[in-house]
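Numbers for residues simply follow the sequence, beginning at 1.
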Amino acid sequence: MNARSLPDGKRKTAAIYARFSTDLQNERSIEDQVWLCQSYAEREGLEVINIHEDRARSGGSVMGRDGLLRLLDQARDRCFEVVIVEALDRLSRDMEDLAGIHKRLSFLGIEIRAVHEGVVNTVLVGLRGLVGQLYREDNAHKVRRGQAGRVSQGLAGGGVTYGYKPVAGKSGERAIVEAEAQIV
C-alpha cells in the first residue's frame with residue numbers, strides 16, 4: 001500500500017487551483033502552475049479529479065473569480081479531499097480571504113497543499129496571508145506613483161477615456177476623436 005493512500009488502498013482525491021493576476025502576465029503561467037501541481041499530486045499519490053483556474057484575476061478579492069468560487073462550491077459538496085496550489089498567494093493575497101478559505105476547507109475536512117510547502121496549517125496561512133497582502137498593497141502604491149508620474153508629464157495614466165484614442169507608437173499620448181468630442 002502506498003504510504004499516502006487511504007486505508008482501503010484508494011488514493012485521496014484532489015482539485016488543483018491556478019491563477020495569474022493581470023493580462024500583462026504570461027498566459028502560460030496557468031499551464032505551468034497546473035503542471036507543477038500535477039507533478040506534486042503524482043509524487044504524493046493523489047488523484048487529481050478537477051482543475052480550476054482564474055486568468056487575469058487579482059488575488060486581492062474572491063469577487064469575480066469564477067474558478068475559485070466553483071472550487072469552493074465543489075468543496076462544499078465534498079467532491080475532493082485535497083486542494084493543491086503552487087503557492088498560497090494563488091488562492092488569495094488578502095489575509096481575511098485566505099484565512100476564510102482555509103477555515104471553510106478545514107471545517108469540511110479538506111486539506112490545502114502548496115507545492116513548495118506541503119500541507120498548509122494555520123500558522124502558514126497567517127504568515128503567507130500577511131506577506132501576500134503586504135505585497136499587494138506595496139504594488140498598488142507603486143502603480144499609483146507610476147500613474148501620477150505619467151499624468152504629471154501630460155500623458156494618460158492608463159486606460160482609454162471616451163473622446164480620446166491612443167496615438168500609435170507613442171505610449172501614453174492620446175488624440176481627440178472628433179465624433180466623441182462633440183458629445184463630451
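Side-chain atoms of D54 come within 3.5 Å of backbone N or O of D66 as a donor-acceptor pair. Of the possible polar contacts, one joining the D94 side chain to the D97 backbone as a donor-acceptor pair under 3.5 Å is found. Between the R90 side chain and the E86 main chain, no donor and acceptor come within less than 3.5 Å of each other. Listed for the D89 side chain is no donor-acceptor partner under 3.5 Å among the backbone atoms of S92.
Across all their heavy atoms, V125 and A99 have their closest contact at CG1-CA, 3.9 Å. Taking every heavy atom of both residues into account, V48 and A41 meet most closely at CG2-CB, 3.5 Å. Closest heavy-atom contact between A75 and L108: O-CD1, 3.5 Å. Looking at every heavy atom in both residues, A15 comes nearest to H52 through CB-CD2, 4.3 Å. The heavy-atom pair separating V120 from A114 by the smallest distance is CG2-N, 4.0 Å. Scanning all heavy atoms of the two residues, the minimum distance from A18 to V34 falls at CB-CG2, 4.1 Å.
In this structure the side chain of V82 never reaches within 4.5 angstrom of the side chain of I112, judged on heavy atoms. A 4.5 Å side-chain heavy-atom check between I16 and N50 finds every atom pair outside the cut-off. Using a 4.5 Å cut-off on side-chain heavy atoms (C-beta onward), E44 and Y40 make contact. Between L46 and I84, some side-chain heavy-atom pair lies under the 4.5 Å cut-off. Between Y162 and V177, the closest side-chain pair of non-hydrogen atoms is not below 4.5 Å. By the 4.5 Å heavy-atom criterion applied to side chains, V83 and R113 are not counted as neighbours.
Atom CZ in F20 sits 8.5 Å away from atom CD in E31 (nearest 0.5 Å). Rounded to the nearest 0.5 Å, atoms CG (D77) and CD (Q74) are 7.5 Å apart. In this structure, CZ in R93 is found 12.0 Å from CD in E137, a value given to the nearest 0.5 Å. Distance check, rounded to the nearest 0.5 Å: CZ of R76 to CG of L71 gives 10.5 Å.
Under the 4.5 Å side-chain heavy-atom criterion for grouping Ile, Leu, Val, Met, Phe, Trp and Tyr, V62 is not connected to I30 through any hydrophobic cluster. Linking Ile, Leu, Val, Met, Phe, Trp and Tyr residues whenever their side-chain heavy atoms come within less than 4.5 Å places I49 and L105 in a single cluster. Taking hydrophobic clusters as Ile, Leu, Val, Met, Phe, Trp and Tyr residues chained together by side-chain heavy-atom distances below 4.5 Å, L124 shares a cluster with L98. I51 and L72 fall into different hydrophobic clusters, where Ile, Leu, Val, Met, Phe, Trp and Tyr side chains are chained together by heavy-atom contacts under 4.5 Å. Hydrophobic clustering of Ile, Leu, Val, Met, Phe, Trp and Tyr side chains at less than 4.5 Å, counting indirect connections, keeps L91 apart from L69.
Within 6.0 Å of CZ in F107 there are 12 or fewer heavy atoms belonging to other residues, nucleotides or ligands.
Using modelled atom types, one finds a donor on one side chain and an acceptor on the other under 3.5 Å when comparing Y17 with R65. Counted by atom type alone, R19 and S21 present one or more donor-acceptor pairs between their side chains at under 3.5 Å. Side-chain contact, T13 with E81: a donor N or O sits under 3.5 Å from an acceptor N or O. A donor-acceptor contact closer than 3.5 angstrom is absent between the side chains of Q38 and E42.
Taking a cutoff of 4.0 Å between a charged side-chain nitrogen and a carboxylate oxygen, E47 and K12 do not qualify as a salt bridge. R128 and E117 are joined by a salt bridge, as a carboxylate oxygen and a charged side-chain nitrogen come within less than 4.0 angstrom of each other. The pair E180-R174 does not count as a salt bridge, with every side-chain nitrogen at least 4.0 angstrom from each carboxylate oxygen.
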